[in-house]
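Note that this is a predicted model, so its numbers are computed, not measured. Values below: all heavy atoms of this structure, side chains included; hydrogens, waters and symmetry mates excluded.
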Amino acid sequence: MLHGRLISLMPYTQKRCHEFWRQYVPDPDMWDVVFSYNPGWVDRYYQSRTAEPDRRMFAICHLGETVGEIQLKRIDLGKGCATMSIHLANDAHKNRGWGSEAERLITDYAFSALGLRTVYADCVHRNTRSQRVLEKTGFVFTHADGKLRYYVLNRPD
């Protein structure tokens, strides 16, 4: 467990995964899709993601409630890098500082516990809220392509 002032990052159990996806509403700034909770799909999602040896997933929890998920994926200990991904369940959980604190906690974990030197992140062009949070937590914009904007955060020395 990683504890912050506002939220905690807890082990991502199957129960917490279902808690997250039951209340998930796609952010229109990111996706033009409709989501409907499907327990079988959530079980498959959880099993596939948590089985990957180069991924660490955490539930973002506020007062014991799962409000999001955050992960380090494509962890390469040899190269000292990984890519961070974060999703908050719905708009009720945004603009409260929870995402910023979750990003700080997981990058701290990446640098301290895993010994990584670099954490990457990306977001879709129209998700300006995510871009602001990444920059607020120290990520630096590096480049963009037709789909995404790319960011990097290097371990402070």
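- Contact of the T83 side chain with the L72 side chain is not registered, since no non-hydrogen atoms from C-beta on lie closer than 4.5 Å.
- Across every non-hydrogen atom of R155 and G115, the tightest pair is NH1-O, 3.5 Å.
- W21 and V25 are members of different hydrophobic clusters when ILVMFWY side chains are connected at heavy-atom separations under 4.5 Å.
- Between I86 atom CD1 and T137 atom OG1 the span is 9.0 Å, to the nearest 0.5 Å.
- Hydrophobic clustering of Ile, Leu, Val, Met, Phe, Trp and Tyr side chains at less than 4.5 Å, counting indirect connections, unites M57 with W41.
- The distance from atom CG of L134 to atom OH of Y120, rounded to the nearest 0.5 Å, is 14.5 Å.
- With hydrophobic clusters built from ILVMFWY side chains whose heavy atoms lie under 4.5 angstrom apart, F58 does not share a cluster with V133.
- Taking E65 as the reference, Q23, V67, H93 meet the side-chain contact (heavy atoms from CB on, under 4.5 Å) condition, with sequence neighbours excluded.
- Listed by chain and residue number, H3 satisfy the side-chain hydrogen bond (donor to acceptor under 3.5 Å, both in side chains) test with S8 (two or more places apart in sequence, or in another chain).
- Residues meeting the side-chain hydrogen bond (donor to acceptor under 3.5 Å, both in side chains) test with T50, sequence neighbours left out: none.
- If you chain together hydrophobic residues whose side chains sit under 4.5 Å apart, M10 and L2 never meet in one group.
- Annotation: the span from H143 atom NE2 to D145 atom CG amounts to 6.5 Å, rounded to 0.5 Å.
- I70 and I75 end up in the same hydrophobic cluster when Ile, Leu, Val, Met, Phe, Trp and Tyr side chains are linked at under 4.5 Å.
- Under a 3.5 Å cut-off, the side chain of E69 and the backbone N or O of Y12 do not form any donor-acceptor pair.
- Listed by chain and residue number, R129 satisfy the side-chain contact (heavy atoms from CB on, under 4.5 Å) test with N95 (two or more places apart in sequence, or in another chain).
- For K79 against R117, the heavy-atom pair with the smallest separation is O-NH2, 2.8 Å.
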For residues 104-113, tabulate all N or O donor-acceptor pairs below 3.5 Å that involve a side-chain atom, not counting sequence neighbours.
unit_1: T107; atom_1: OG1; unit_2: E103; atom_2: O; d: 2.9
unit_1: T107; atom_1: OG1; unit_2: R104; atom_2: O; d: 3.1
unit_1: S112; atom_1: OG; unit_2: D108; atom_2: O; d: 3.1

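- Residues satisfying the side-chain hydrogen bond (donor to acceptor under 3.5 Å, both in side chains) test with R22, not counting sequence neighbours, are Y37.
- In terms of heavy atoms, E19 sits closest to G64 at OE1-O, 4.5 Å.
- Partners of F141 under the ring pair (Phe, Tyr, Trp, His ring centres under 6.0 Å) rule, at least two apart in sequence or in another chain, are Y151.
- Applying the ring pair (Phe, Tyr, Trp, His ring centres under 6.0 Å) test to H62 and every residue at least two apart in sequence or in another chain returns W98.
- Separation of atoms SG (C81) and CG (L114) is listed at 11.5 Å; rounding is to 0.5 Å.
- Note: L77 CG to L116 CG = 6.5 Å, rounded to the nearest 0.5 Å.
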Query raised in the report: Can you list the steps and then say if R16 with C61 is a side chain to side chain contact (heavy atoms under 4.5 Å, CB included)?
Result: CA-CA 9 Å; R16 289 196 183 279; C61 298; 3.2 Å; yes

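- Residues L153 and G138 approach most closely at CD1-O, 3.2 Å, considering heavy atoms.
- When the salt bridge (charged side-chain N to carboxylate O under 4.0 Å, His left out) test is applied to E52, the partners found at least two apart in sequence or on another chain are R55.
- Take Q14 and apply the side-chain contact (heavy atoms from CB on, under 4.5 Å) test, not counting sequence neighbours, and it matches H18, D43, Y46, Q47.
- Between atom CG of residue N127 and atom CG of residue D122 there is a gap of 10.5 Å, rounded to the nearest 0.5 Å.
- Scanning all heavy atoms of the two residues, the minimum distance from C123 to S130 falls at CB-OG, 3.8 Å.
- Taking the side-chain contact (heavy atoms from CB on, under 4.5 Å) definition, one finds that T142 meets it with Y150, V152, sequence neighbours left out.
- Remark: side-chain polar atoms of H87 are not paired, donor with acceptor, to backbone N or O of P26 under 3.5 angstrom.
- Between I60 and A102, the shortest heavy-atom contact is CD1-CB, 3.8 Å.
- A search for side-chain hydrogen bond (donor to acceptor under 3.5 Å, both in side chains) contacts involving K136 returns S100, not counting sequence neighbours.
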